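Read through the structure below, which is laid out as structure tokens, and then see the notes.
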Amino acid sequence: MTIRLYDTSARQIRDFTPLKPGCVSIYLCGATVQAAPHIGHIRSGLNFDIMRRWFAHRGYEVTFIRNVTDIDDKIIAKAHEQNRPWWSIGYENERAFNDGYTALGCLPPTYEPRATGHVPEMTEMMRTLIDRGHAYAADGNVYFDVRSFPRYLELSRQELDNLLQPSGEGETGKRDPRDFAMWKAAKPGEPTWPTPWGEGRPGWHLECSAMAHKYLGSAFDIHGGGLDLIFPHHENEIAQAKAYGDEFARYWVHNAWVTMAGDKMSKSLGNSVLVSEMVKQWRPIVLRYYLGTPHYRSMIEYSEESLREAESAFARIEGFIQRVMEKAGPVEPAEQVPPAFAEAMDDDLGVPQALAVVHTTVRQGNSALAADDKEAAVARLAEVRAMLGVLGLDPLDEQWAGEGGDRGEDLHGVVDSLVRMVLDQREAARARKDWPTADAIRDQLGQSGLVVEDSPQGPRWSLGPR
């Protein structure tokens, strides 16, 4: 079956046809590193990580570029506020982003270019655009002439005459207030690079056009990012790249936001939830389940209640995996996912529908366990592991092996010994038919956050939802 994706530029779901058979090239607008990431930032990385994994599962060779914007107005402002070098702000937060991506199981990109490492490519692009009449220099700035590109605003579908182009401080000399800055003239105390038009620094939009061209060529398959980037960022990228002569991206894919009380999660609004804090409160694999399993084009309204629901749902999957392995030992993932799962994923990455197949398979596996059908239970677990692997959620995968850290494993052993002592007391009470005592012990363990299940092999415990 053909993979289909919702293309923002077409406003419809389209069959995916790669430029090069068997290969897919993806450019994702990555981090702007003025501050540490909140879960809204990491959601974008997760959504495109799942896309990348699905293409790989379908047999494509994937080239995945995720850039780092390590110079912009906000980074410079932070440097002034904190009296620190701009590059130290950027590097510290770049590491925080990568820690967040890694903690939530995102595969590393094929390449992760920084904007400041590509000023020569930006200079070449500006030179060509000026020579072709699409850009002009003024007061040390370089601007793109939006009226020179008739297809401007096709992505966001706005009217040029109604456009209010965001403009920064010091952007003087514009011929039209809607023209946007490709290069910003040097200001006292700011980092600068030399160009034929004077010292200065790159504009945000130019960075991505130049890096996409360098790493993916004049045409590539998919450009991704958050909904908030459609205008002005992606619109301006298109104008620069196509006026330069590139075909640029053939599909535009945008993920929705994480919201809080109906507002987009944002550092400027003060309603962000940092990834570094969340992983202290919740298991990273549960956070991945929470952020990665809603459809990428649907909003996620953040709440602790919904996180607890995600934790409970994932615990049911893990409980099934544990029970089958206790009965049958290790089970390898199946080579193929069930057809219904594949159909859902092919249809614009329908993760919610695909996840429903996971839970149905878990229920079938539990029924097989109850019927003492070991062969069927093992087959269902193999399918579950294959599906979870595509979603980056297989708890047996090596990427999650150290999720709790070595100290967590030590503590698990200690807790297991203590719980076993209590369970032995419960078993003794059951043996003498002292049901009130046995029930009281079980209830006490439940109040402590432990779930006790009675099985033919004896009682076992697990951590319950918080």
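Values in this document were obtained by computation on a predicted structure and should not be read as measured data.
Taking the six-membered ring for Trp and thresholds of 30 and 60 degrees, Phe180 and Tyr152 have nearly parallel ring planes, at less than 30 degrees apart.
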Practice problem: Go through the steps for Arg4 and Asp346 under the test salt bridge (charged side-chain N to carboxylate O under 4.0 Å, His left out), then give the verdict. | Solution: CA-CA 6 Å; Arg4 300 182 299 280; Asp346 280 338; over 6 Å; no
Quiz prompt | Step-by-step side chain to side chain donor-acceptor pair (under 3.5 Å) determination, His134 to Gln240 | solution = CA-CA 8 Å; His134 291 293; Gln240 293 164 152; over 6 Å; no
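A donor-acceptor contact shorter than 3.5 Å links the side chain of Ser306 to the backbone of Ser303. In this structure, the side chain of Asp49 engages the main chain of Leu107 through a donor-acceptor pair within 3.5 Å.
Relative to the six-membered ring of Tyr6, Arg297 meets both conditions, a distance below 6.0 Å and an angle of at most 45° to the axis. Cation-pi contact between Arg66 and Tyr101: present, with separation from the ring centre below 6.0 Å and deviation from the ring axis of at most 45°. For the pair Arg175 and Tyr136, the cation-pi criterion (under 6.0 Å, within 45° of the ring axis) is fulfilled.
Checked for salt-bridge contact, Lys20 and Glu61 miss the test: no charged N lies under 4.0 Å from a carboxylate O.
In this structure, the salt bridge (Lys or Arg N to Asp or Glu O under 4.0 Å) partners of Glu154, at least two apart in sequence or on a different chain, are Arg151.
The side-chain heavy atoms of Val33 and Glu92, taken from C-beta on, include no pair separated by under 4.5 Å.
The number of heavy atoms from other shown groups lying within 6.0 Å of CH2 (Trp87) does not exceed 12.
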